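Take a look at the structure below.
Numbers restart at 1 for each chain; the letters A, B, ... are given by sequence-line order, proteins then strands. Remember, predicted model here, so these are calculated numbers, not experimental data.
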Amino acid sequence: MIDLKLLRDDPERVRASQRARGDDPALVDALLAADEARRAAVTAADNLRAAQKEVSAAVRSATPDERPAVLEKAKALAAAVKEAEAVQAVAEEALRAAHLAVPNLVHPAVPPGGESDYVVLSQTGEVPSYPFDVRDHLAVGEILKAIDTERGAKVSGSRFAFLTGPGALLELALVNMAMARAVAAGFIPMIAPALVRPEAMEGTGFLGAHSAEVYRLADDDLYLVGTSEVPLAAYHSGEVLDDLPRRYAGFSSCFRREAGSHGKDTRGIIRVHQFDKVEMFSYVALEDAEAEHERLLEQEKAFLSDLELPFRTIDVAAGDLGSSASRKFDNEAWLPSQERWLELTSTSNCTDFQARRLGIRHRTAGGPQVAATLNGTMCAVSRTIALLLEVHQRADGSVHVPKALRPFLGGLEEITAP
RNA sequence: GGUGGCGUGUCCGAGCGGCCGAAGGAGCACGCCUCGAAAGCGUGUGACGGUGCAAGCCGUCCGUGGGUUCAAAUCCCACCGCCACCGCCA
């Protein structure tokens, strides 16, 4: 939710943000109107309530013969209050709906336009060339007996896989490495629930445009999270925090229906319904949000560098931002089998948008203030494994293990076919 | 799943249907005392919304949502959560 005070002060800024996203600026004017309607309703109801309180107090002190008349008056006012409160409730609900429809303000530096209008900020490492025919990650994984998608499909359906032998060990190594780095950088490690209540899902904005992506357990009214951003953001919902920043690194399984991606990335484990992830999540003061965003980005870049994966960093265009994000950086690693860049990690600055929705504030000298929230992927495991297998493959099908990962694999320097 | 108990401000904790935004503590802040501190004493100390240039004024909030009533922290209902015991279970 955007700040309504800001909206009243500078509606044109919000309209401009809408245009940058390719969204409808009329939503802004609808919100302004709803805001005004609510204030009118609140004022009317407040005045009636004040009058009712007064008369109500007079009931006690009334003499027996004035009493019936006062009671009569009180009853009439009570009815009027009830009516005014109904009007207020309707106005408040209308405001809420209009409020939810307006996405976060886009940061001024964000490139305008759609999905393809991103700006490349940097490239780290060189695009590799191979003196042999490269295999894709699934082919490598099958040679090494690291991935079994056929049995994944037999047991659970398409887009499910077993990680076997070295694949399973690779996952544990990556998770441990990601956690170790997060801890060293001051993040509190967390094992987060993967099932959450509707409020957590709503509060983080995942039941809006992306609700078709989300698994729901209808019998229990619980949702399977697509990222531990959800439990980590909801963790402090409704709280006033004494001290910021708070930095968490959450590990959880992630579940995605991939409803709109039929036929896309169907081979291997690049796009699966279930994977594990280590996610960084920061709560900071609003004025520190940009610096924190850089910090998260640096963590992500260092992690990928240490895995010796070539990647580029892009500034995602306004039209491709999620509704909560004011700015988003993606790190895209080189996928040799397809000779293209593939999104591997991502970090979003949600400013105070998500926190306002979840009621997360912190104490300042000037009273409680809405916090800012940011999230960033440390390691999305399945996709990282896919890239390690592809990028570090050798002609004989064996795979080089990056130095930084070796301590987490018992010193193993290469993975070879069994 | 069953039975019983409980949810009040930063925390503990009291609260007869109206005089309760709410006693009393603790904590915290400031002041006095002190060479300094502790102790002691005094004062202050919630959030949100509306309105106003402002001081202020008005309204809402006692887990959440409904209901009864002129009037609800207080009575009724539902839900959520916590605790204890029993059953089941990794």
- line: Testing B/rU60, B/rG49, B/rG81 for proximity to the side chain of A/D46, the answer is B/rG49

field: Rounded distance (Å) that lies between atom C1' of B/rG50 and atom CZ of A/R38
entry: 8 Å

Qualifying residues under ring-ring contact (aromatic ring centres under 6.0 Å, His included), relative to A/H362, sequence neighbours excluded: none

Please output the side-chain donor-acceptor pairs of residues 383-390 of chain A that fall under 3.5 Å, not counting sequence neighbours, one pair per line with the distance.
from: A/R383; atom 1: NE; to: A/I270; atom 2: O; distance (Å): 2.9
from: A/R383; atom 1: NH1; to: A/E343; atom 2: O; distance (Å): 2.8
from: A/R383; atom 1: NH2; to: A/I270; atom 2: O; distance (Å): 3.1
from: A/T384; atom 1: OG1; to: A/A380; atom 2: O; distance (Å): 2.7
from: A/E390; atom 1: OE1; to: A/S337; atom 2: N; distance (Å): 3.0
from: A/E390; atom 1: OE1; to: A/S337; atom 2: OG; distance (Å): 3.0
from: A/E390; atom 1: OE2; to: A/H137; atom 2: N; distance (Å): 2.8
from: A/E390; atom 1: OE2; to: A/S337; atom 2: OG; distance (Å): 2.9

statement: Out of B/rA71, B/rU60, B/rG49, minimum distance to the side chain of A/R49 belongs to B/rU60

task: Could you measure between the two C1' atoms, the one in B/rC33 and the one in B/rG40, and give it in whole Å?
output: 8 Å

- request: Let me know the distance between NE2 of A/H362 and C1' of B/rU10, rounded to the nearest Å.
  value: 17 Å

statement: Ranking B/rA71, B/rA47, B/rG50 by distance to the side chain of A/R8, first place goes to B/rG50

field: Whole-Å gap separating P (B/rA47) and CZ (A/R363)
entry: 8 Å

A/E292 and A/R247 ion-paired at < 4.0 Å: yes

- request: State which of B/rA71, B/rG49, B/rA47 makes the closest approach to the side chain of A/P368.
  value: B/rA47

message: Quick test of your reading of the model: are A/E12 and A/R15 salt-bridged, counting only N-O distances below 4.0 Å?
response: yes

Protein-nucleotide distance (A/E199, atom CD; B/rU64, atom P), rounded to Å: 14 Å

statement: Between CD of A/E72 and P of B/rA71 the distance, given in whole Å, is 14 Å

task: With a 3.5 angstrom cut-off on both distances, give the Watson-Crick or G-U wobble partner of B/rU74, or none if there isn't one.
output: none

message: Can you measure A/L4 atom CG to B/rC48 atom P for me and round it to whole angstrom units?
response: 14 Å

statement: pair_partner(B/rC89), Watson-Crick or wobble, both distances < 3.5 Å, evaluates to none

message: Please confirm whether the shortest side-chain N or O distance from A/R39 to OP1 or OP2 of B/rU51 is below 4.0 Å.
response: yes

- prompt: Whom does B/rA55 pair with, Watson-Crick or G-U wobble, provided both distances fall under 3.5 Å?
  reply: none

query: CZ of A/R151: more than 12 outside heavy atoms within 6.0 angstrom?
result: no

query: Looking at B/rC70, B/rA47, B/rU10, which one has an atom nearest to any side-chain atom of A/Q52?
result: B/rC70

field: Salt bridge present between A/R271 and A/E258 (N-O < 4.0 angstrom)
entry: yes

- prompt: Which nucleotide, in any strand shown, forms a Watson-Crick or G-U wobble pair with B/rC41, with both distances under 3.5 Å?
  reply: B/rG31

message: Check the phosphate of B/rU68 against A/K82, side-chain N and O only, distance under 4.0 Å to OP1 or OP2. Yes or no?
response: yes

field: Per A/R361 side chain, nearest of listed nucleotides B/rC48, B/rC70, B/rC80
entry: B/rC48

message: I need the NZ-P distance between A/K53 and B/rC57, as an integer number of Å.
response: 14 Å

- prompt: On a whole-Å scale, what distance lies between the P atoms belonging to B/rC11 and B/rC70?
  reply: 36 Å

- request: Provide, to the nearest angstrom, the distance between the CE atom belonging to A/M1 and the P atom belonging to B/rG49.
  value: 13 Å

task: Would you state whether a donor and an acceptor, one from the side chain of A/S56 and one from the base of B/rG18, lie under 3.5 Å apart?
output: yes

message: Under a 3.5 Å cut-off for both contacts, is B/rG36 paired Watson-Crick or G-U wobble with anything, and if yes, with which nucleotide?
response: none

